[in-house]
Amino acid sequence: MDVTLHLAQDPAADALLGRSPLAALTGMLLDQQVPMEWAFKGPRTIADRLGAEDLDAHEIAARDPEAFAALLAGKPAVHRYPGSMAKRVQQLCQYLVEHYDGDAEAVWRGVGSGSELLKRLEELPGFGRQKAQIFLALLGKQLGVAPAGWREAAGAYGEPDSYRSVADITGPDSLTKVRAHKQEMKAAAKAAKATKTAKTEKAEKAEKAARK
């Protein structure tokens with residue numbers, strides 16, 4: 001794997017993501033409750049603090065949990081919740097060691113179909129269906145991993161030029177579009193929640209009135 005990514009918007013961090021399967025998986029794992037660039041810069045920061053050019057699943061899996069959490073918590077912190085994310089990163093690496101001999105690329109190497117790859121990604125610690133679909137879309141759109149049916153398995157994230165996730169970020173302009181889409185989705189979810197709350201309150205008032 002040796003491609004040019006622009007997820008962290010930082011040359012050194014993006015270079016690592018483009019050549020290291022484990023770094024890419026780790027960045028995807030960290031991508032929650034923090035800005036996308038912060039999450040995907042994390043693997044480079046972790047590697048630097050380990051004094052390494054790349055991440056090693058065997059080494060991370062064997063690290064003392066408290067020491068590894070402290071490493072992620074150092075300023076600037078790798079994540080808003082460095083303790084819990086350190087645990088998840090170690091769990092991911094331990095899983096890779098146990099099931100793939102520490103070789104992150106083996107998760108998708110030689111996989112025959114998009115559905116099979118999605119299943120493998122969903123089995124990774126910290127990867128729910130949405131995160132697995134987004135990473136599958138990233139593999140297909142930017143990392144040259146395109147088994148039969150990968151777009152269908154990735155769902156809406158697999159659609160061309162959808163600008164729904166990190167899979168569509170190729171530079172500052174696309175980052176802006178993806179961020180705008182996420183804000184629209186958050187606004188829609190907030191509006192739907194408010195509508196549901198209003199309907200519930202209305203129903204409760206009607207029920208109380210009927211009891212009188």
Side-chain angles (χ1 to χ4, degrees), residues 1-3 5 7-8 13-34 36 39-73 78-79 81-147 150 153-154 157 165-167:
M1 194 171 93
D2 188 10
V3 299
L5 295 178
L7 307 182
D14 282 325
L16 178 60
L17 294 171
R19 71 172 187 270
S20 168
L22 180 54
L25 276 177
T26 301
M28 189 72 246
L29 179 66
L30 294 171
D31 186 23
Q32 58 188 65
Q33 298 179 298
V34 295
M36 291 175 284
F40 283 95
K41 190 174 181 179
R44 177 75 266 175
T45 303
I46 295 172
D48 288 344
R49 292 178 184 177
L50 290 173
E53 288 299 316
D54 195 357
L55 300 182
D56 184 293
H58 290 277
E59 179 184 359
I60 293 175
R63 284 256 165 179
D64 174 75
E66 290 188 6
F68 190 65
L71 184 142
L72 268 66
V78 170
H79 194 275
Y81 305 105
S84 60
M85 295 311 295
K87 182 178 180 179
R88 291 190 181 188
V89 171
Q90 283 198 293
Q91 288 174 335
L92 172 63
C93 289
Q94 289 162 357
Y95 182 90
L96 291 173
V97 168
E98 180 179 353
H99 296 273
Y100 296 99
D101 195 28
D103 181 4
E105 191 172 8
V107 175
W108 54 84
R109 186 189 300 119
V111 173
S113 69
S115 58
E116 180 185 353
L117 178 50
L118 178 62
K119 181 177 181 294
R120 288 192 181 192
L121 292 171
E122 286 185 296
E123 290 172 346
L124 297 176
F127 277 67
R129 186 171 186 82
Q130 183 184 49
K131 191 179 289 288
Q133 286 186 312
I134 291 173
F135 193 77
L136 174 52
L138 177 63
L139 287 171
K141 291 181 177 182
Q142 298 198 51
L143 298 177
V145 181
W150 73 268
Y157 301 108
S165 71
V166 296

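Since the structure is predicted, the reported quantities are computational estimates derived from the model, not experimental observations.
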Atom pair [atom1] ([X]) and [atom2] ([Y]), whose distance is rounded to the nearest 0.5 Å:
{"X": "Glu98", "Y": "Cys93", "atom1": "CD", "atom2": "SG", "value": "13.0 Å"}
{"X": "Met28", "Y": "Leu17", "atom1": "CE", "atom2": "CG", "value": "11.5 Å"}
{"X": "Leu5", "Y": "Leu143", "atom1": "CG", "atom2": "CG", "value": "5.5 Å"}
{"X": "Met85", "Y": "Ile46", "atom1": "CE", "atom2": "CD1", "value": "9.0 Å"}
{"X": "Ser20", "Y": "Glu53", "atom1": "OG", "atom2": "CD", "value": "11.5 Å"}

Counting only N and O atoms by type, is there a donor-acceptor contact under 3.5 Å from the side chain of [X] to the main-chain atoms of [Y]?
{"X": "Gln142", "Y": "Ala167", "result": "yes"}
{"X": "Lys131", "Y": "Asp31", "result": "yes"}
{"X": "Arg49", "Y": "Leu71", "result": "yes"}
{"X": "His79", "Y": "Leu30", "result": "yes"}

Heavy atoms from other residues, nucleotides or ligands near [atom1] of [X] exceed 12 (cutoff 6.0 Å):
{"X": "Lys87", "atom1": "NZ", "answer": "no"}
{"X": "Arg120", "atom1": "CZ", "answer": "yes"}
{"X": "Lys141", "atom1": "NZ", "answer": "yes"}

query = How about Trp108 and Phe135: are their ring centres within less than 6.0 Å of each other?
reply =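 Yes.
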
Is there side-chain contact between [X] and [Y], with at least one heavy-atom pair below 4.5 Å?
{"X": "Gln94", "Y": "Ile60", "answer": "no"}
{"X": "Leu117", "Y": "Val145", "answer": "yes"}
{"X": "Arg129", "Y": "Leu118", "answer": "yes"}
{"X": "His58", "Y": "Asp101", "answer": "yes"}
{"X": "Leu29", "Y": "Leu124", "answer": "no"}
{"X": "Leu7", "Y": "Leu138", "answer": "yes"}

Atom of [X], atom of [Y] and distance for their closest heavy-atom approach:
{"X": "Asp14", "Y": "Ala8", "result": "OD1-N, 2.7 Å"}
{"X": "Ala86", "Y": "Ala69", "result": "CB-CA, 3.6 Å"}
{"X": "Leu136", "Y": "Trp150", "result": "CD2-O, 3.9 Å"}
{"X": "Pro43", "Y": "Gly27", "result": "CG-N, 3.6 Å"}
{"X": "Ala24", "Y": "Phe40", "result": "O-CE2, 4.2 Å"}
{"X": "Leu121", "Y": "Ala132", "result": "CD1-O, 3.5 Å"}

Given Glu116, Glu123, Glu122, the one that forms salt bridge (charged side-chain N to carboxylate O under 4.0 Å, His left out) with Lys119 =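 Only one of Glu116, Glu123, Glu122 forms a salt bridge (charged side-chain N to carboxylate O under 4.0 Å, His left out) with Lys119, namely Glu123.
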
key: Residues Arg109 and Asp103 bridged, charged N to O under 4.0 Å   =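 Answer for the salt bridge query: yes.
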
Gln130 and Tyr157: side chain donor to acceptor below 3.5 Å =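 Looking only at side-chain atoms, Tyr157 and Gln130 do form a donor-acceptor pair, the distance falling under 3.5 Å.
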
Listed partners of Arg63 passing salt bridge (charged side-chain N to carboxylate O under 4.0 Å, His left out), at least two apart =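 Here the qualifying residues are Glu59.
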
